[in-house]
Amino acid sequence: MWMPPGQNQSWVSEFILRGFSSDPTTNRALFSAFLLLFLSSVLGNGLIITLICLDTHLHTPMYFFLCILSLLDMGCVTTTVPQMLVHLLSRSQTISFAGCWLQMCIFGAVGLTECILFVVMAFDRYVAICYPLRYTVILSWGLCTRLSAGTWACGFFFSLIHTFFTMRLPYCGPNMVNHYFCEGPSVRNLACVDTHVIEMVDSVISVFMVIAPLSLILASYICISQAIFKIKSMQARCKAFSTCASHLTVITFFYAPAIYIYMKPNSRYSPERDKQISLFYNVFSALLNPVVYSLRNKNIKGAFLKVMVMAFDRYVAICYPLRYTVILSWGLCT
């Protein structure tokens, strides 16, 4: 729906999110698939946050940043996927102008914060491998807290700039966004004026938030590689490489689609392809992170087993108090 023209211009009061398909049968199948992905992502990241908070052995800078990454991934999927699920089953696919503004701002803030957090995590690996004896001295909890606060502040600041310049454009109709959420380039395409200036602003933001972080990550891993190749023990060398493999995998799956979406010129905009690619840095990346870090990390798996044992112990103590010592015999505990 769009409001009747005024004296100079008209303004849309809401947007219609086109989504992936208009076929009800296809939408029901997509609903089941995306619901499963959403629940898996939220539960996986929530489990990592819980394990890191409960296990004191994981109270180190590396797992502190991993906890923040899981929190960001949860924020990313909960900002976009629940509304997409509702639209897949309902006839109305509208979102208010204010709702679109808010969704774009929060999603952008979470995504940009994650961009910077990957740099901080690369710095953490650099210190751990290149200066292992001074690791806890360099990465003190005070520095970790300031780095975390700085990533959030930068993410929200640049997201507000991006959202402000995008949503202040005149939108006179049509108001159908060819996407499943209010993504900047998709909404910007509906503006009634030339958007080259806004594209320039987004390009500057991309340099600060994509190119610069990637350059710092690359520099960190060049130094890390040089330090690893100096290690004489092959076993120690492989262990050092394995601690970086998870981080590099997650970075690749996050940055590759994000660069394609936000750094290509508007003339190469392809709605259908962009919707599919955006799923990688929105949904699949959030699901991949807990899988990669849990399957490849012995400490995470150990913390999970410890929590499960403690939960079983409490369950037996509360539900079967008289048979507690019988069920949990020393042989079973061992």
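Please read these numbers as outputs of a predicted model, since none were measured by experiment.
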Evaluate Tyr180 against Ser278 for side chain to side chain contact (heavy atoms under 4.5 Å, CB included), listing each step before the verdict. CA-CA 10 Å; Tyr180 63 90; Ser278 67; 3.3 Å; yes
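- Below 30°, between 30° and 60°, or above 60°: for Phe181 and His179 the angle between ring planes is above 60°, a perpendicular geometry.
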Cys172 and Cys192: disulfide bond (SG atoms under 2.5 Å apart), yes or no, with the steps? CA-CA 6 Å; Cys172 318; Cys192 306; 2.2 Å; yes
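- Taken together, Cys182 and Cys100 meet the criterion of an SG-SG distance shorter than 2.5 Å.
- Between Ser96 atom OG and Gln103 atom CD the span is 10.0 Å, to the nearest 0.5 Å.
- The line from CG of Leu72 to OG1 of Thr113 is 6.0 Å long, rounded to the nearest 0.5 Å.
- Note that the OG1 atom of Thr79 and the CE atom of Met74 stand 11.0 Å from one another [nearest 0.5 Å].
- Ser40 pairs by the side chain to side chain contact (heavy atoms under 4.5 Å, CB included) definition with Leu36, Leu287, not counting sequence neighbours.
- Remark: Glu183 CD to Asn189 CG distance equals 10.5 Å, nearest 0.5 Å.
- Looking only at distances, a side-chain donor or acceptor of Tyr255 sits under 3.5 Å from a matching main-chain atom of Cys115.
- Without hydrogens or angle criteria, Asn45 side chain to Ser41 main chain gives a donor-acceptor distance under 3.5 Å.
- Of the two cysteines examined, Cys53 and Cys67, the SG atoms fail the criterion of being under 2.5 Å apart.
- Residues Leu139 and Asp124 share a closest heavy-atom pair of CD1-OD1, 3.3 Å.
- The aromatic rings of Tyr171 and Phe15 stand perpendicular to each other, their planes meeting at an angle above 60°, with 30° marking the opposite boundary.
- The neighbour count for His57 NE2, taken as heavy atoms of other residues, nucleotides or ligands under 6.0 Å away, does not exceed 12.
- The side-chain heavy atoms of Val81 and Leu85, taken from C-beta on, include a pair separated by under 4.5 Å.
- The shortest side-chain heavy-atom distance between Val250 and Met121 does not fall under the 4.5 Å cut-off.
- Looking only at distances, a side-chain donor or acceptor of Ser159 sits under 3.5 Å from a matching main-chain atom of Cys105.
- Using a 4.5 Å cut-off between side-chain heavy atoms of Ile, Leu, Val, Met, Phe, Trp and Tyr, with links allowed through other members, Tyr131 and Phe64 fall into the same hydrophobic cluster.
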Set out, in order, the CA-CA distance, both residues' side-chain angles and the distance that settles side chain to side chain contact (heavy atoms under 4.5 Å, CB included) for Leu216 and Phe123, then state yes or no. CA-CA 9 Å; Leu216 292 173; Phe123 175 68; over 6 Å; no
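- The backbone N or O of Cys144 lies less than 3.5 Å from no partner atom in the side chain of Ser148, so there is not a single donor-acceptor pair.
- Listed by chain and number, the residues in a ring pair (Phe, Tyr, Trp, His ring centres under 6.0 Å) with Phe34 are Phe20 (sequence neighbours excluded).
- Residues Trp152 and Ile68 meet the side-chain proximity criterion, which asks for heavy atoms closer than 4.5 Å.
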Could you walk me through whether His162 and Leu112 satisfy the side chain to side chain contact (heavy atoms under 4.5 Å, CB included) test, starting with their C-alpha distance in whole Å, then the side-chain angles of each, then the deciding distance to 0.1 Å, before giving a yes or no? CA-CA 11 Å; His162 164 75; Leu112 293 174; 5.8 Å; no
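- Hydrophobic clustering of Ile, Leu, Val, Met, Phe, Trp and Tyr side chains at less than 4.5 Å, counting indirect connections, keeps Ile211 apart from Ile222.
- Closest of all the heavy-atom pairs between Arg125 and Tyr135 is NH2-OH, 3.9 Å.
- For the atom pair CD1 (Ile129) and CD1 (Ile224), the distance works out to 5.0 Å, reported to the nearest 0.5 Å.
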Applying side chain to side chain contact (heavy atoms under 4.5 Å, CB included), run through Gln83 and Leu17 and close with a yes or a no. CA-CA 10 Å; Gln83 184 184 54; Leu17 299 175; 3.6 Å; yes
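- Separation of atoms CZ (Arg28) and CG (Leu88) is listed at 11.5 Å; rounding is to 0.5 Å.
- Looking at Thr78, its side chain does come within 3.5 Å of a backbone N or O of Gly75 through a donor-acceptor pair.
- Ser92 and Ser90 share no donor-acceptor pair across their side chains, judged by distance under 3.5 Å alone.
- Following chains of ILVMFWY side-chain contacts shorter than 4.5 Å, one can reach Ile48 starting from Leu54, so the two form part of one hydrophobic cluster.
- Follow the hydrophobic side-chain contacts under 4.5 Å out from Leu89 and you reach Phe38 in the same cluster.
- In this structure a side-chain-to-backbone donor-acceptor pair under 3.5 Å is missing from Glu114 to Leu69.
- Residues Phe208 and Ile116 share a hydrophobic cluster, clusters being chains of Ile/Leu/Val/Met/Phe/Trp/Tyr side chains in contact below 4.5 Å.
- The nearest pair of heavy atoms linking Ile52 to Tyr63 is CD1-O, 3.3 Å.
- Between Ala122 and Tyr221 the shortest heavy-atom distance is CB-CE1, 4.0 Å.
- The two residues Ile277 and Pro257 come nearest to each other via the heavy atoms CG2-CB, 3.5 Å.
- In terms of heavy-atom proximity, Thr166 sits nearest to Ile198 at OG1-CG2, 4.2 Å.
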